[in-house]
Amino acid sequence: MSENPPYPDPHAGARANACQPTLDAHTRGRTSRRDFIRAGAAGLAATTITTVGCGTGPDTASPGQSGGLRSATPADLQSLVGDGRRRRILLRGGVVLSLDPKVGDFEKADVLIDGKRIAEVGPTVSASDAEIVDCSGTIVMPGFITTHHHQYETLQRSMIPDGLLAGAWPQESYGSVVQNIWTAGRITDPANPNTAVWDLGRVPYDPEDCYISELVACLSEISEGITTGTDTSQSSHTPEHTDAMIKGLMDSGRRVVYAYTGGINRTGEGIPYEFPGAMNDTTTGIGRIAKTYFSSKDQLVTLGFGGGPGPAAPGADYTGWQLARAFGASIHNHNVGGSSVVVGAAADARNGNDWSDVTFIHCTRWQDEPLAQISYGSRGYPKENRSKAWEIWRDRGAHVSIATLIEMQMRHGMPPFQQALDHGILPSLSPDVDTNMTTDPFSLMRGAFCLQRALANDLAFPESNPGGLPVPQLVSSRQVIEMATIAGAASNRVLDKVGTLTPGKEADIIVLDARSINTWPMNNVPGTIVTMMNPRHVRDVLIAGKVVYWKGRLVGWNVDALLRQIEQARDRVLARITGPAKVGRLPPGNNSFANPYRPNFLAGCCEKGQNTTAPTYVLRP
């Protein structure tokens with residue numbers, strides 16, 4: 001069975017379906033591409049069921065099928081969604097977790113929404129002109145906020161679930177599969193990185209593939225209760241790719257920071273590339289998109305930047321951080337084991353002393369000396385736990401995003417919860433990559449909760465604590481919820497707008513169904529959220545006062561059409577990968593299928609060749 005994975009023949013699919021794009025990104029007509037992107041959201045809306053870009057006529061799915069795919073119907077919505085006029089909504093009688101000490105939390109209270117803002121929170125709010133939503137048996141709280149997600153990879157979901165971060169082909173890793181094959185369209189010789197073993201001569205993604213990936217990622221996370229995210233897609237291969245990704249984010253209706261990041265530079269092959277842009281230039285790169293898409297601060301999608309604290313571009317006399325700040329962008333950098341980058345950034349006066357607009361992602365292995373175990377303060381084993389980088393991060397007010405599950409799974413290093421806590425930093429949480437792990441915020445919270453406690457609790461036993469380290473404080477369920485809300489809002493520079501249920505803030509609110517067979521009776525609210533719930537408990541989601549998810553269903557979207565489009569995009573990209581190459585032929589991988597290449601569907605994706613020194617497990621049940 002495993003010899004025949006259920007991917008269609010990519011070339012047959014391209015021949016059979018004339019509506020699929022078949023030309024390179026730089027040779028296809030701009031008009032047709034722009035029409036595709038412009039039509040994207042309309043074509044996928046629940047009220048317009050024509051397949052995007054194909055003009056194949058009305059969809060034949062029955063209402064029952066659509067409902068089973070979690071698409072809300074007008075009858076479901078109780079007049080809560082309409083012509084967009086100003087309306088008042090009263091969420092009545094739920095357990096309210098405001099997360100704002102000045103507002104308080106309530107065993108039973110109401111939340112009044114006036115237009116896009118929270119007007120009042122408290123018991124027995126009076127609002128005779130409001131649409132009333134019964135929230136008895138639910139938890140009403142701020143929407144979850146994550147701070148790092150490569151959303152363009154959505155069509156590659158679970159591509160390398162057993163894979164590590166690094167490893168050269170034929171080993172299947174994030175670097176070799178996701179970045180080299182599916183993103184760059186190029187494999188180089190490990191012994192000579194300047195020599196291509198296989199090169200398509202183009203990137204496998206077209207802009208419309210980026211668009212649907214961004215859109216589906218956002219809508220998926222809305223269904224999980226994530227009302228705000230940060231997109232760190234390294235897919236700005238051309239200006240058109242960048243525009244398509246931003247369009248996908250904006251069409252979704254979700255609050256997102258678009259952290260503009262580079263792609264694959266193929267200018268040598270005549271393909272336009274504009275990242276990162278330049279100071280005082282609004283015609284290219286960050287300056288172009290800032291002027292085109294981000295002229296207002298009062299919008300759901302805001303601008304971030306992935307450029308680092310070194311030169312913004314080869315030969316530039318200003319840093320990436322300076323370029324970001326010149327265009328009002330927040331700063332979002334990856335850092336895996338790079339404590340020297342932090343020290344170097346601090347030594348460069350051009351980067352300033354106030355780093356409250358900077359988030360570093362991962363922040364693993366920043367200790368000054370090798371350590372096996374750490375406790376609080378400087379206590380460590382076998383040496384003291386000291387880190388110049390963490391001290392700088394604390395003193396300059398920068399933020400930390402921890403991808404809990406991915407860092408444990410992909411060998412980034414131990415997620416640095418204890419280090420962040422020891423330096424007085426409440427880290428935010430991030431899903432990172434769909435290629436390896438779920439975006440589910442409940443899993444992210446549980447991962448953070450259990451990991452910090454596991455490492456701390458292990459110090460309680462002499463046989464596992466040879467250095468006699470004291471046991472640090474354990475994180476609580478409430479603190480982990482604050483990582484997934486308040487810390488995320490601060491990192492994304494939207495804490496003045498969202499993150500708590502505070503009157504005057506915008507109404508990014510989720511309603512969690514607690515009266516469920518697997519969570520009731522409820523005896524502790526934070527514990528129920530962190531230790532008991534999953535995305536199925538997300539009942540309703542509002543973003544800026546707009547109902548976007550209602551009674552477990554997306555509002556205004558044909559989910560069946562979305563699923564078809566993301567599958568077709570996956571097939572288009574795979575067809576390009578297995579199609580004619582400019583250089584060579586893709587060599588066989590250790591675990592995937594070859595001639596033509598296919599990811600392994602039923603068996604392991606990555607384990608052969610991953611560890612050639614340790615013995616294979618021989619197990620019995």
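Here, residue 1 is the first one in the sequence, and each next residue gets the next number. Every value quoted in this text rests on a predicted model; they were computed, and no experiment measured them.
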Residue pair N600 / S592, side-chain donor-acceptor N/O under 3.5 Å: no

Salt bridge (charged side-chain N to carboxylate O under 4.0 Å, His left out) evaluation trace for R325 with D357: CA-CA 9 Å; R325 289 164 177 160; D357 58 349; 2.8 Å; yes

Verdict with reasoning, R288 to E274, per salt bridge (charged side-chain N to carboxylate O under 4.0 Å, His left out): CA-CA 9 Å; R288 179 185 72 85; E274 66 173 352; 2.7 Å; yes

Basic-acidic side-chain contact under 4.0 Å: E221, R254: yes

Audit row: H237, T183, side chain to side chain contact (heavy atoms under 4.5 Å, CB included) steps and yes/no: CA-CA 9 Å; H237 311 303; T183 300; 3.8 Å; yes

H334 ring center within less than 6.0 Å of H150 ring center: yes

More than 12 heavy atoms of other groups within 6.0 Å of N280 CG: no

Aromatic ring proximity F144/F442, centre distance under 6.0 Å: yes

Validation row, ring centre Y211 to ring centre Y205 under 6.0 Å: no

Pair D432, H148: side-chain N/O donor-acceptor within cut-off below 3.5 Å: yes

Between S430 and T146: side-chain donor-acceptor atoms closer than 3.5 Å: no

Polar contact flag, side-chain donor to acceptor under 3.5 angstrom, T319-N351: yes

K102/D100 ion pair, N-O < 4.0 Å: no

Residues E391, R394: salt bridge by 4.0 Å N-O rule: no

Ionic contact status for R157 with D434, cut-off 4.0 Å: yes

Salt-bridge contact R396-D354 (side-chain N to carboxylate O under 4.0 Å): no

Within the 6.0 Å centroid threshold, strictly below: W366 and W393: yes

D199 and R266 ion-paired at < 4.0 Å: yes

Ion pair check, R255 and D508, cut-off under 4.0 Å: yes

Between E153 and Y174, a side-chain donor and acceptor under 3.5 Å: yes

